[in-house]
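I have placed the structure first, in the form of C-alpha cells, so that the comments after it can refer back to it.
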Amino acid sequence: MASDGSSNLIDPSIFVYLKAHGEEEIEVSDKLHQITAALNRHISTCQGLLSRIHSTPTSKLQPLLKQVEEEGIKPEIEKVGELAQFASGFPYYKYNQKWSRAMQNVVVTILLTGWLGGLGTESRPGEIGRLLTIEEVGQILKVPVNLKDQDAFHITIEEYILALTDLTEELSRLSMNSVTMGDIDLTVRISSFIKDLFAGFQLLNLKNDIVRKRVDAVKYHVKKVEDVIYDLTLRNLIPKNESSS
C-alpha cells in the first residue's frame, strides 16, 4: 500500500498557478463583457438614428447624418478605443469572439453613413454611393486593420466583408422605400452598387464558411432590388438604359 507521502509528489504551486490564471481569465472576460455591452448600446443608438433614412428624402439626409455622426458614431469611436486599449493587452484570438459581432455592427454603421454621403472631410467631402475601404474605416475608428505581424486588436478582413453583406441588405430595403419617397434615382444607384459589389465578391476566394454563406446570400439582396427596378421599368418610370446598368 502506497504511503501518504506519495501525495507530496504533486507540487501545490501547480494549482496555485492554475487558480490565478483561471481568475485572471474570468476578470478579463468580465471586463470585455462590460465594454462590449456599452459599445452595443452606442450601436443601438446609431442604428436607431440610421433607421430614419427609410423615411427621409435624400435632400434632407445631411442633418440626419450629422446627428448620426455626433450621437452615434462618435460614442462608438470612443468605446472602440477603450476596447482596443484593453484587448491589446491579451492574446487577440483568445478573446476576439467576444467583440467580433459588435465590431461588424460598428463597421456597418460607418459604411452606411459613408455611403449616404456622411463622414466627409475637407480633403474629401461626403458623396452618395461612396464605399469606404477597410483602411478608411480603421482611420475613422482610430484602430489598425488586418494585422499580420502583431497580436493586437484590429479590424479583420472577415469583419469588413460581413459588414458589407449587412450593408447590401440595408440598401436593398432602402431601394424600396426610396421609391415610396419618390427618389427613383437613388433606387437605380443602389441597384448598380449592389450588383457591382456582388460581382466583386465573386472574385474572392472565401474559405471561412460563415463569410461564404453570408456573401452568397447577397444574391437575394440583388434579386430584391432587381425586382424593384423591373417594376419601375414596366411603369416607364425609369429609362431602359438606366434599368440595365
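Treat the numbers as computed from the prediction; the structure is a model and nothing was measured.
- Sorted by first and then second residue, the ring pair (Phe, Tyr, Trp, His ring centres under 6.0 Å) pairs with a member in residues 44-65 form an empty list; sequence neighbours excluded.
- Counting only residues at least two apart or on different chains, the ring pair (Phe, Tyr, Trp, His ring centres under 6.0 Å) pairs with a member in residues 147-182 are Y92-H154, W99-F153.
- Remark: L234 CG is packed, more than 12 non-hydrogen atoms of other residues, nucleotides or ligands lying under 6.0 Å away.
- The salt bridge (charged side-chain N to carboxylate O under 4.0 Å, His left out) analysis of residues 42-66, with sequence neighbours excluded, yields no pairs.
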Start with the C-alpha distance between I73 and L119, add both sets of side-chain angles, then the distance that settles side-chain contact (heavy atoms from CB on, under 4.5 Å), and finish with yes or no. CA-CA 10 Å; I73 292 178; L119 296 171; 4.1 Å; yes
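- Sequence neighbours left out, the pairs with a member in residues 187-231 that pass ring pair (Phe, Tyr, Trp, His ring centres under 6.0 Å) are W115-F193.
- Residue pairs that meet the salt bridge (charged side-chain N to carboxylate O under 4.0 Å, His left out) test with at least one member in residues 146-160, sequence neighbours left out, do not exist here.
- For residues 206-215, the pairs satisfying side-chain hydrogen bond (donor to acceptor under 3.5 Å, both in side chains) are T165-R214, D166-R214, D209-R212, with sequence neighbours left out.
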Enumerate donor-acceptor pairs with a distance under 3.5 Å from any side-chain N or O in residues 31-40 to protein atoms, sequence neighbours excluded.
from : atom 1 : to  : atom 2 : distance (Å)
T36  : OG1    : L32 : O      : 2.8
T36  : OG1    : H33 : O      : 3.1
N40  : ND2    : T36 : O      : 3.2

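- For K74, there are no salt bridge (Lys or Arg N to Asp or Glu O under 4.0 Å) partners at least two apart in sequence or on another chain.
- Qualifying salt bridge (Lys or Arg N to Asp or Glu O under 4.0 Å) partners for K224, counting only residues two or more places apart in sequence or in other chains: none.
- Scored by the salt bridge (Lys or Arg N to Asp or Glu O under 4.0 Å) test, D196 finds no partners at all (sequence neighbours excluded).
- With hydrogens and angles ignored, the 3.5 Å screen pairs a side-chain donor or acceptor of S88 with a backbone N or O of A84.
- Remark: R235 engages D231 in a salt bridge, criterion side-chain N to carboxylate O under 4.0 Å.
- Under a 4.5 Å side-chain heavy-atom criterion applied to ILVMFWY residues, the cluster that includes L203 comprises that residue alone.
- Applying the salt bridge (Lys or Arg N to Asp or Glu O under 4.0 Å) criterion to E82, with sequence neighbours excluded, gives K79.
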